[in-house]
Amino acid sequence: MNTIPKTQKAAVLEAYGEQYILKSDYPVKQPSELAPNECLIHLEYSGVCHSDLHIKNNEWSRPPILPLVGGHEGVGRVVAIGDHSRNVGIKLGDRVGAKWIAAVCDNCEMCRKGNESACTVSFVKAHGFMIHGTFQQYVVSYIDYVTPIPESMDSASATPILCAGLTVYSALKRAKLSLGQWVAISGAGGGLGHLAIQYAVAQGARVLAIDTGAAKKELCLSLGAEAWVDFKESGDLTRDVQAATGGEGPHAALIVAGDPRPFNQALMYLRRTGTLVAVGMPGGTSSLDIPVTLLNLNIYGSAIGNRQEAIEALEIAARGKVKCRYEIRELEDVNRTFSDMEAGKIAGRVILRL
């Protein structure tokens with residue numbers, strides 16, 4: 001094992017709404033400083049998620065810590081484990097992934113039922129939000145929550161599955177779609193959406209993609225979406241979505257966009273007894289406006305996913321059923337990436353090489 005350096009490259013947010021500051025002398029937590037069950041991962045890649053943009057701009061009800069090393073999906077190798085850690089099968093040299101959730105209590109009702117994202121510990125152990133994340137070369141995480149990476153997957157391809165892939169895979173399970181049923185995916189050409197298309201197709205669903213722009217249309221249709229609606233060109237989104245899905249509307253809608261409008265739009269175009277799965281996290285105090293005549297709909301909120309679902313999502317990708325479209329950039333490009341994200345210029349995902 002290589003010697004662990006004292007300092008590293010990192011992108012640090014020091015003020016809400018400002019650009020990340022790139023540092024070459026950011027401290028690395030040393031093996032002797034690790035608490036039991038903590039591990040140090042030498043990262044190869046980090047993903048950049050739309051949630052990172054919301055966090056950067058402090059657009060959620062709970063502010064992130066400052067200063068903050070952002071990012072919450074990264075792949076690398078374990079280079080140190082804290083003394084007196086439990087034996088959970090993770091060892092030095094293992095290639096693992098760090099996710100949004102860094103740790104849970106493993107003892108509450110939510111954890112026992114597999115709803116780990118509802119564990120109160122997960123709220124305060126969130127990478128790139130309440131603890132430092134993956135926009136750095138060495139990240140501290142927890143041995144009982146990192147995810148082993150399949151040998152057949154390269155690290156860059158695995159990185160976006162740890163958040164974007166896991167999130168939409170878990171959400172589609174909540175939609176409870178049967179073979180051949182329609183699912184509308186709003187935000188289909190983005191990082192989460194283009195993966196949701198592939199996971200939905202892999203389980204036999206028919207996909208209607210909702211997004212805007214020729215590049216995103218081409219991407220969505222190439223990944224298996226059968227129908228497309230451009231929300232900027234549509235004069236009547238409800239009518240167009242229902243017409244594209246046989247007249248009655250889709251059986252489910254997966255909203256992965258970070259804008260509040262698609263959530264309420266879905267309530268109007270879903271077929272009777274349809275299911276809305278809310279995934280995207282708009283800024284501010286967004287809410288659903290539900291007419292009483294629509295109370296026969298099913299509405300679920302879905303956040304991230306649990307450890308087992310992370311393993312399943314990676315296994316499906318490792319078998320070639322799901323492939324993330326991504327562009328590799330350098331850590332120094334983090335601020336440009338956020339600018340492109342705000343301008344809607346990113347189709348797929350951006351991965352930062354560390």
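Computed from heavy atoms alone, side chains included, the values below leave out hydrogens, waters and symmetry copies.
Side-chain contact check for T273 and N296: no donor-acceptor pair (N or O, by modelled atom type) lies under 3.5 Å. No hydrogens or angles considered: nothing links the side chains of H127 and T134 as a donor-acceptor pair under 3.5 Å.
The side-chain heavy atoms of L267 and I299, taken from C-beta on, include a pair separated by under 4.5 Å. Contact check for L22 versus K9: no side-chain heavy atoms found under the 4.5 Å cut-off. Contact check for D83 versus L34: no side-chain heavy atoms found under the 4.5 Å cut-off. The side-chain heavy atoms of L276 and Y300, taken from C-beta on, include no pair separated by under 4.5 Å. Residues E312 and Y169 meet the side-chain proximity criterion, which asks for heavy atoms closer than 4.5 Å. Looking at heavy atoms from C-beta onward, L270 lies out of side-chain contact with T275 at the 4.5 angstrom threshold. Counting heavy atoms from C-beta on, the side chains of Q242 and T238 come closer than 4.5 Å. For the pair V146 and C39, the minimum side-chain heavy-atom distance is below 4.5 Å.
Under a 3.5 Å cut-off, the side chain of S85 and the backbone N or O of G82 do form a donor-acceptor pair. Without hydrogens or angle criteria, N306 side chain to G114 main chain gives a donor-acceptor distance under 3.5 Å. Panel note: side chain E218, backbone A215; no donor-acceptor pair is recorded below 3.5 Å. A donor-acceptor pair under 3.5 Å links the side-chain atoms of D154 to the main chain of A156, judged by distance alone. The backbone N or O of D230 lies less than 3.5 Å from no partner atom in the side chain of S234, so there is not a single donor-acceptor pair.
A205 approaches V183 most closely through the heavy-atom pair CB-CG1, 4.2 Å. Q136 and L43 make their closest contact through O-CD1, 3.3 Å (heavy atoms, listed as atom of the first residue, atom of the second, distance). Taking every heavy atom of both residues into account, L195 and V322 meet most closely at CD2-CG1, 3.6 Å. Of all non-hydrogen atoms in C49 and F338, the two that sit nearest each other are O-CE2, 4.4 Å. Heavy-atom minimum distance, P5 versus V28: O-CB, 3.4 Å. Summarising the geometry of L352 relative to T337, their closest heavy-atom pair is CD2-OG1, 4.3 Å, with the distance given to 0.1 Å.
Rounded to the nearest 0.5 Å, atoms CG (L40) and CD (E33) are 10.0 Å apart. Note that CG of L354 is 6.0 Å distant from CG of L331, once rounded to the nearest 0.5 Å. For the atom pair CD1 (I304) and SG (C163), the distance works out to 5.0 Å, reported to the nearest 0.5 Å. With rounding to the nearest 0.5 Å, the separation of NE2 in H132 from NZ in K29 is 10.0 Å. Atom CG of D106 sits about 8.0 Å away from atom SG of C119, to the nearest 0.5 Å. Rounding to the nearest 0.5 angstrom, the gap separating the CG atom in N37 from the NE2 atom in H84 is 11.0 Å.
Applying the side chain to side chain donor-acceptor pair (under 3.5 Å) test to residues at least two apart or on different chains, the pairs with a partner in residues 66-82 are D52-H72, E73-R349. For residues 185-211, the side chain to side chain donor-acceptor pair (under 3.5 Å) pairs, not counting sequence neighbours, are R206-E226.
The residue from V207, L221, D240 that alone fulfils the side-chain contact (heavy atoms from CB on, under 4.5 Å) condition with W228 is L221.
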Identify every side-chain donor-acceptor pair in residues 88-105 under 3.5 Å, counting partners at least two apart or on other chains, and give the distances.
residue	atom	partner	partner atom	Å
K91	NZ	D94	OD1	3.1
D94	OD2	K91	N	2.9
R95	NH1	M153	O	2.9
R95	NH1	S155	OG	3.0
R95	NH2	P150	O	2.9
R95	NH2	M153	O	2.7
K99	NZ	Y145	O	2.4
K99	NZ	T147	OG1	2.8

Could you go through residues 249-261 and list every donor-acceptor pair under 3.5 Å that involves a side-chain atom there, pairing it with any protein atom two or more places apart or in another chain?
residue	atom	partner	partner atom	Å
H251	ND1	W182	N	2.9
H251	NE2	R271	NH1	3.4
D259	OD1	R261	N	2.8
D259	OD1	R261	NE	2.9
D259	OD2	R261	NE	3.4
D259	OD2	R261	NH2	2.8

- Audit row: I210, Y269, side-chain contact (heavy atoms from CB on, under 4.5 Å) steps and yes/no: CA-CA 12 Å; I210 304 173; Y269 63 63; 3.6 Å; yes
- Show your reasoning for whether side-chain contact (heavy atoms from CB on, under 4.5 Å) applies to E233 and T212. CA-CA 8 Å; E233 296 179 356; T212 188; 5.7 Å; no
- Task: Under the side-chain contact (heavy atoms from CB on, under 4.5 Å) rule, what do N264 and M268 come out as? Steps first, then yes or no, please.
- Result: CA-CA 7 Å; N264 284 300; M268 306 310 298; over 6 Å; no
- Test log, rule side-chain contact (heavy atoms from CB on, under 4.5 Å), inputs Q8 and K23: CA-CA 8 Å; Q8 61 174 324; K23 299 189 175 185; over 6 Å; no
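Between F123 and F129, the ring centre distance reaches or exceeds 6.0 Å.
Hydrophobic cluster of I21: no remaining members, since no ILVMFWY side chain lies below 4.5 Å from it. Think of Y45 as one node in a network of Ile, Leu, Val, Met, Phe, Trp and Tyr side chains linked at under 4.5 Å; its network also takes in Y326, I328, I351.
Around CG of N87, the count of heavy atoms belonging to other residues, nucleotides or ligands within 6.0 Å does not exceed 12.
Residues satisfying the salt bridge (Lys or Arg N to Asp or Glu O under 4.0 Å) criterion with K113, sequence neighbours excluded, are E109. Looking at residues two or more places apart in sequence or on another chain, you find no ring-ring contact (aromatic ring centres under 6.0 Å, His included) involving F231. Residues passing the salt bridge (Lys or Arg N to Asp or Glu O under 4.0 Å) test with K217, sequence neighbours excluded: none. Applying the side chain to side chain donor-acceptor pair (under 3.5 Å) criterion to K345, with sequence neighbours excluded, gives no partner residue. Listed by chain and number, the residues in a salt bridge (Lys or Arg N to Asp or Glu O under 4.0 Å) with E330 are R353 (sequence neighbours excluded). Qualifying salt bridge (Lys or Arg N to Asp or Glu O under 4.0 Å) partners for E327, counting only residues two or more places apart in sequence or in other chains: R329.
By the criterion of side-chain heavy atoms lying less than 4.5 angstrom apart, applied directly or through intervening Ile, Leu, Val, Met, Phe, Trp or Tyr residues, Y16 is grouped together with M341 in one hydrophobic cluster. One hydrophobic cluster, built from ILVMFWY side chains closer than 4.5 Å, cannot hold both L166 and I149; they sit in different ones. Side-chain heavy atoms closer than 4.5 Å link hydrophobic residues (I, L, V, M, F, W, Y) into clusters, and following such links, possibly through other members, connects L237 to L297. Cluster annotation: V78 is not connected to V75 through the hydrophobic network of ILVMFWY side chains, with a link wherever side-chain heavy atoms come within less than 4.5 Å. Tracing side-chain contacts under 4.5 Å through hydrophobic residues (I, L, V, M, F, W, Y), one reaches I316 starting from L192; they form part of the same cluster.
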